[in-house]
Amino acid sequence: MSILSIIWPALITALFLFAAYGYRPLQNADLWLGDGAIFLGVALLLWRLRRQTLWQRQTFDFQATSSKVSYVYLLLGALCLWLMADTSAPQAGVLPFTWGMPHSLQFSLWVLGIGLIALGALGGVKPRSLPRLTPCWSLLLIIALAFILRIINLDGAVHAYIDETHFAQAVIHLWENPSQQLLTHISPIAAFTHIYPYFQHLSIQIFGASLGGLRMASVIIGTLTIPALYMLGSALFSRKVGLLAALLLAVFPPHIHFSRLALNNIADPLFGVLALWLVVRALQRRSASDWLLAGVTLGLTQYFYEGGRLLFPALVVLWLLFYVRQLPLRAWLYWALGFALVAFPIYYVLWLWRAAPVTRLVLEGMGNDFWARFLAADAGFPQLALYLRERFMPALLHIFHNPDGSAFYYGGDTPLLWLPLVPLFFIGLTIAMRSGKRGLLLWSWLLLTVLGNSLIVENDWSARFVVLFPALALLTALGLEGLFQLWRMATIPIGHLRRVGVVVVTLLAVAQVGYYFGLHLTRYNQQIRPFLDHQDVGFRSALLPAGTDVYLLTNELTFQPHIDTHFRLVGVEGVRVVILPPWAYPYESIHRLPLHHTSFFFAPKDAETLWHLRRVYGACLDGPYFSPYNVPLEKQYVQYNVSPACLRNPP
């Protein structure tokens, strides 16, 4: 082992560490340091690895096989989906007998239809022996870890509805309307189908009607993305990269966070990753079944958040264009058939309602005026530079430099990638450069996501980057593997490198978990409450006995549907909440005893309201009380109670 062989990996590693230092959040003055270190570090790493083979290149045989496809099952599945879709028409559709179909039957038809199509892709029901499965204990432990991290203190760690009210209301619609049309939008703003709320409806049936029960669907779907990414990473690169990517996604703070919220964003990565894995497997195995199944899973991305609906079909098509001269027409047709069969219901319903297929993009996009000015500008280059500076770069920098622009969906003071992961991310991007078309998939995934977000007004909101999380984990895993190979070239004993590698991976995992459940959630619980927490008043009022009158006396911004929706979700009856400014409560006109138990909530520093209540109710004003939930003390309303029994028999 020579001194020179140590200098090269040390220098390259140092440059990537300097880049992370330059890109540290909230330090715009040092971006030049990050840019310079990245440019030099990437150049040296590519030069150093120019003759290094990191893994055996895969060979794809592009002749589609004549694998047996059962078209009868495909036809039956398509019929089930058509019946289900026809029930969501604005009036009695082509098949009038489907009008008013119970939503339980609609969902059953949706599941049955997709299942029959998948079964048809596999050739139908055949007497075959079950394949022997060799358990991967490392992966099972990672999946168990991911589930634990996503379910622990699910209700209490973030005890507030984070834009989840739309989904809670959709679940309530399912309860109140047995024939709710599942493919209609849950609200004019949240233009998503009722499919995800139906998953939440089922999770509530199992885990109970609570904020945690509503979020359990996201926990399960987020956890399932871990083995899906393992399969994609293993198919694209190697089993080691797949395991590293699965572990990194399991402990990735943004993915943990969105797996613990009742938002449908988390469903997009699961079906998108499965679609990509099946495309890779179809290229490897030459199987018509895999092409069909790849189309089926890609079709499922159309039912959830709009990011997945737009990104993953574009990503798959773009990547397959690199193979356009080698792929037979049959492969394209099988893939398109699977996609069309599964995605047909949602676009059929959108056509019946004359609704835009990309409602969120229409509402949140830059608009026609921006593009008209951009295209009509006399000086094209300055306009392009302006777009890159104000639209593209903020979206890109959110990955490794800028914190969440919304400070609401993910918040915190860090970008998506925690600072120690930034060097590994850039090393992974460098490794992807020299990985051929497999690396182009990851580059396309990254750039399409950034490009899509650059077309939205709020281009650095974390909720719109959830589709990118598996790619970030996979690129970081590539960076770890590439760094390992770089130091291996220094002829360091492989046993020492493995031990160091295990320590590094363990520290990265433990530190990210500690950061998320410690510093991040502490900061986040402050950020989501710019005012005193009126939602907490609703949670606390839900614990009061039936027949209680609750008065929230405040001048701060409140939103009563938060409280009303929670009451309906958990089944609170007989508790009435009234929101008034403090001066509007009729202190002077009280001339009779209250008929019900009464609770007052107001700002702790509102001495005038407290004086009025004490003057009216005297010693029967019981308090102060504070929240039993995880709410910062300075963000709470103080609570005082008045009992009619006390007023009848004052102390």
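It should be emphasised that the depicted structure is a prediction, and the values quoted were computed from it without experimental measurement.
Residue F322 qualifies as enclosed at atom CZ: its count of foreign heavy atoms under 6.0 Å is above 12. Residue F18 qualifies as open at atom CZ: its count of foreign heavy atoms under 6.0 Å is 12 or below. Heavy-atom neighbours of I152 CD1 from other residues, nucleotides or ligands within 6.0 Å: at or below the threshold of 12. Environment of OH in Y21: sparse, with no more than 12 heavy atoms of neighbouring residues, nucleotides or ligands closer than 6.0 Å.
L236 and L474 get closest at one heavy-atom pair: CD1-CD2, 4.3 Å. Of all the heavy atoms in A235 and V280, the pair that sits closest is CB-CG1, 3.7 Å.
Remark: the backbone N or O of A250 is paired with a side-chain donor or acceptor of R150 at under 3.5 angstrom. Judged by distance alone, the side chain of Q527 and the main-chain N or O of G412 form a donor-acceptor pair under 3.5 Å. Using modelled atom types, no side-chain atom of W335 and backbone atom of L293 make a donor-acceptor pair closer than 3.5 Å. The backbone N or O of V467 sits nowhere less than 3.5 Å from a side-chain atom of D268 that would complete a donor-acceptor pair. Panel note: side chain S238, backbone S234; no donor-acceptor pair is recorded below 3.5 Å. Remark: the backbone N or O of I221 is paired with a side-chain donor or acceptor of T225 at under 3.5 angstrom. Under a 3.5 Å cut-off, the side chain of W443 and the backbone N or O of L429 do form a donor-acceptor pair. Looking only at distances, no side-chain donor or acceptor of Q512 sits under 3.5 Å from a matching main-chain atom of F252. Of the possible polar contacts, one joining the H401 side chain to the Y23 backbone as a donor-acceptor pair under 3.5 Å is found. A donor-acceptor distance shorter than 3.5 angstrom exists from the side chain of W319 to the backbone of K437, with no hydrogens or angles considered.
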Could you go through the side chain to side chain contact (heavy atoms under 4.5 Å, CB included) check for R309 and Q302 one step at a time?
-> CA-CA 5 Å; R309 181 186 299 177; Q302 306 302 291; 2.9 Å; yes

For W277 and T297, run side chain to side chain donor-acceptor pair (under 3.5 Å): C-alpha distance rounded to whole Å, both residues' side-chain angles, the deciding distance at 0.1 Å, then the answer.
-> CA-CA 10 Å; W277 167 61; T297 50; over 6 Å; no

After noting the C-alpha distance and the side-chain angles of Y409 and R464, does the key distance pass the side chain to side chain contact (heavy atoms under 4.5 Å, CB included) rule?
-> CA-CA 10 Å; Y409 288 102; R464 292 164 182 158; over 6 Å; no

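Cation-pi geometry between R391 and Y387 is not satisfied (NZ or CZ under 6.0 Å from the ring centre, within 45° of the ring normal).
Atom CG of L480 is separated from atom CD1 of I427 by 8.0 Å, given to the nearest 0.5 angstrom.
With hydrogens and angles left out, the side-chain atoms of Y334 and R330 include a donor and acceptor closer than 3.5 Å.
Here F304 and F192 keep their ring centres 6.0 angstrom or further from each other.
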